[in-house]
There are 2 protein chains.
Amino acid sequence: MVARRGRRNGSAVTPALDADNAPTAEMPAVGVNGSDPVRAKSIPEAAVARLAVYLRVLSAMAEQGATTVASEELSAAAGVNSAKLRKDLSYLGSYGTRGVGYEVRVLVGQIERTLGLTRQHKVAVVGIGNLGHALANYGGFPGRGFPVEALFDVDADLVGVPVGGIPVSHLDDIPAVCSERGISIGVIATPPTAAQSVCDRLVSGGVQCILNFAPVVLQVPEHIEVRKVDLAVELQILSFHVARRADDANGSHKVGNGMVVR
Amino acid sequence: MVARRGRRNGSAVTPALDADNAPTAEMPAVGVNGSDPVRAKSIPEAAVARLAVYLRVLSAMAEQGATTVASEELSAAAGVNSAKLRKDLSYLGSYGTRGVGYEVRVLVGQIERTLGLTRQHKVAVVGIGNLGHALANYGGFPGRGFPVEALFDVDADLVGVPVGGIPVSHLDDIPAVCSERGISIGVIATPPTAAQSVCDRLVSGGVQCILNFAPVVLQVPEHIEVRKVDLAVELQILSFHVARRADDANGSHKVGNGMVVR
DNA sequence: CACTGTGAAACATTTCACAGCC
DNA sequence: GGCTGTGAAATGTTTCACAGTG
């Protein structure tokens, strides 16, 4: 440790690192790394996101009875190229057989281990509106491993009402309930104005990670991991590509710095 | 130049490029680029995602009456560092004033222009379950610019029923309705099994971009832009970080290839 | 001989650091 | 003096291409 990330304001609270949703980029892969002689280098952030996709594809294949799979086949199903797939899998260790491929079972096990899916991660959903409902009813999220164990809302009419089998608690009880029930992941599905205060309460309740659906940049202590899902941003990125395509198609001209302008 | 993107199968259908949600990485920024002597280089993919965030922050600031903002302030609010912010804004052109900062109004206008937000992009939502409802009720998505103009579902009981003011149509009518209404963005909120077929119909209806909430890798023609939002993947990435942290904390040891294993 | 595992090259993104301007 | 804009360095990611192996 020691060598902190350069510019860092003195405060204990920093903006959730990435401005983007980035399942890729940023961060030197594992912990601090660099000046620390002990810590080894680990899996690139970008690869982690893909491992989760491979896992799903592999599980589907296993269900279909496949026992073995080659990088070419798996990569096609996962929408990446085979070199990338092989490189990604190589971060787990050497679990393939040259000339043959990978054993589906083994790969599933290794990816699960690497992603920490052998432990359970209890989830709390905050904000039981349309989206919160949808999330709560997912009922024990993706497959197994992410049981929803607490729900919160401000609405007095909602408090006490069970949704997907779990009674809704009040926002004020977030810290107590979360630490009682050992929640490790908080999902924020509130309006943007409430998000930061909800986030603070989740953190004080001992939650380690936050998945944020509210369109705001959360400020969190640095040991908290935040990921965000931002509809507006996604749509605007798509919009950019539509616009770019339109520009490319017809007579576009360059502006000062050489950028296509229209 | 010349050098085509290596592997690219001859088929007209390719897996949606990125395996990850990646608002960053992959793609040489703008269109073909490289062998084309005319086309200029453009905004990095990673920067585009952040521009959308800056836009939101700037809009909030404008509402609060701010007329001018310095890179340090804006970057803090957006959760990035100021160098990155300045670099990102420089892709738009030179709209700042040295010694002063940026004019909020101007920046908002430039980002909107760059993201193609001056045109409207009509949206269709497919799959009116919990999530679809939530999306439909967003009622003209983020602010302005993304009006929801069509809804689809298989459920006969739902067809004809208005949700958020728009009557639900049947899946079979996707191509006709989409091309009639000039839909440019399709949002898939169906169960995974239906997603690919829905996607195909959206494409045949002339939709240019797809936002996919279903946990499957869609295969699309290469001129179609796909982005995905995958809850399972997000949670598993968080899980990875929890696990990594736990490993880092206590006596971890390295395995063959030098990776932290537990 | 097909297919994995991986150095090394190519590419993309971020950060540094400072020249230049108001 | 304070702050933008940007080359150049550093870092991270993807792709190539091939040696190695069951």
Side-chain angles (χ1 to χ4, degrees), chain A residues 3-8 17-20 22-30 32-34 41-50 68-75 80-103 106-107 256-259, chain B residues 1 3-8 17-20 22-30 33-34 41-50 68-75 80-103 106-107 256-259:
Chain A
R4 297 285 353 148
R5 240 72 197 328
R7 110 225 58 316
R8 120 81 58 31
L17 27 95
D18 247 341
D20 51 64
T24 86
E26 196 129 329
M27 318 199 65
V30 94
V32 182
N33 191 1
K41 75 171 181 305
S42 179
I43 305 182
E45 187 68 14
V48 172
R50 287 189 299 264
T68 245
V69 67
S71 66
E72 201 63 56
E73 186 187 354
L74 179 52
S75 67
V80 302
N81 70 43
S82 62
K84 197 190 279 181
L85 172 86
R86 288 199 303 279
K87 180 75 86 175
D88 287 345
L89 293 185
S90 80
Y91 296 123
L92 308 180
S94 271
Y95 297 105
T97 308
R98 290 164 199 245
V100 180
Y102 302 88
E103 238 189 281
V106 174
L107 229 41
N257 53 359
M259 291 195 14
Chain B
M1 48 312 290
R4 298 276 355 142
R5 239 76 196 328
R7 107 228 59 313
R8 122 85 55 36
L17 25 93
D18 247 341
D20 52 65
T24 87
E26 196 129 330
M27 318 198 64
V30 95
N33 191 3
K41 75 172 183 310
S42 178
I43 304 181
E45 187 68 13
V48 172
R50 287 189 299 264
T68 246
V69 67
S71 66
E72 202 62 57
E73 187 187 354
L74 179 52
S75 68
V80 301
N81 69 43
S82 62
K84 197 189 279 183
L85 172 86
R86 288 199 304 278
K87 180 74 91 176
D88 287 345
L89 294 184
S90 79
Y91 295 122
L92 308 179
S94 270
Y95 297 104
T97 307
R98 291 164 199 244
V100 179
Y102 303 88
E103 238 188 280
V106 174
L107 229 40
N257 54 0
M259 291 192 17

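Here the structure is a predicted model, which is why all the values come from computation and not from measurement. In what follows, chains are A, B, ... by sequence order, proteins preceding strands, each numbered from 1.
- At a threshold of 4.5 Å between non-hydrogen side-chain atoms, the residues D88(A) and V80(A) do not count as touching.
- Atom CG in L89(A) sits about 13 Å away from atom C1' in dC3(C), given to the nearest Å.
- Shortest non-hydrogen contact noted between L107(A) and L74(A) is CD2-CD2, 4.1 Å.
- One can place OH of Y102(B) at 16 Å from P of dC21(C), the figure rounded to the nearest angstrom.
- Side-chain atoms of A46(A) lie closest to dT13(D) of the nucleotides dT15(D), dT13(D), dT14(C).
- Separation of atoms CD (E73(B)) and CG (L85(B)) is listed at 11.0 Å; rounding is to 0.5 Å.
- Closest of all the heavy-atom pairs between A70(B) and V100(B) is CB-O, 4.3 Å.
- Between dT4(C), dT6(C), dT6(D), one nucleotide has an atom nearer to the side chain of K87(B) than all others, and that is dT6(D).
- Taking atom CD1 on I43(A) and atom P on dT13(D), their separation rounds to 12 Å, with Å as the unit.
- At a threshold of 4.5 Å between non-hydrogen side-chain atoms, the residues T97(A) and T68(A) do not count as touching.
- The A83(A) side chain lies nearest to dC16(D) when the options are dC16(D), dT15(C), dT4(C).
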Just the table, please: protein N/O against nucleotides 18-22 of chain D N/O, every pair under 3.5 Å.
from: dG20(D); atom 1: N3; to: R98(A); atom 2: NH1; distance (Å): 3.1

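- Counting to the nearest Å, the C1' atom of dC3(C) and the CD atom of E73(A) are 13 Å from each other.
- As rounded to whole Å, 14 Å separates atom P of dT6(D) from atom CG of L85(B).
- Applying the 4.0 Å criterion to OP1 and OP2 of dT4(D), one finds that S71(B) has a side-chain N or O inside that range.
- A sub-4.0 Å separation between OP1 or OP2 of dT15(D) and a side-chain N or O of N81(A) is present.
- Between dT6(C), dT13(D), dT14(C), one nucleotide has an atom nearer to the side chain of E45(A) than all others, and that is dT13(D).
- For the pair D88(A) CG and dT15(D) P, the computed distance is 10 Å after rounding to whole Å.
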Take Y102(B) and R86(B) through the side-chain contact (heavy atoms from CB on, under 4.5 Å) test and state the conclusion after the steps. CA-CA 10 Å; Y102(B) 303 88; R86(B) 288 199 304 278; 3.7 Å; yes
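- dC3(D) atom C1' lies 14 Å from atom CG of L107(B), rounded to whole Å.
- Distance CD (E103(B)) to P (dC22(C)): 15 Å, rounded to an integer number of Å.
- Pairing each heavy atom of K84(A) with each of N81(A), the nearest pair is N-OD1, 2.8 Å.
- Y95(B) has no side-chain polar atom (N or O) that falls below the 4.0 Å cut-off from OP1 or OP2 of dC3(D).
- Across dT4(C), dT4(D), dG5(D), the shortest atom-to-atom separation from the side chain of A70(B) is found for dT4(D).
- A sub-4.0 Å separation between OP1 or OP2 of dT13(C) and a side-chain N or O of R50(B) is absent.
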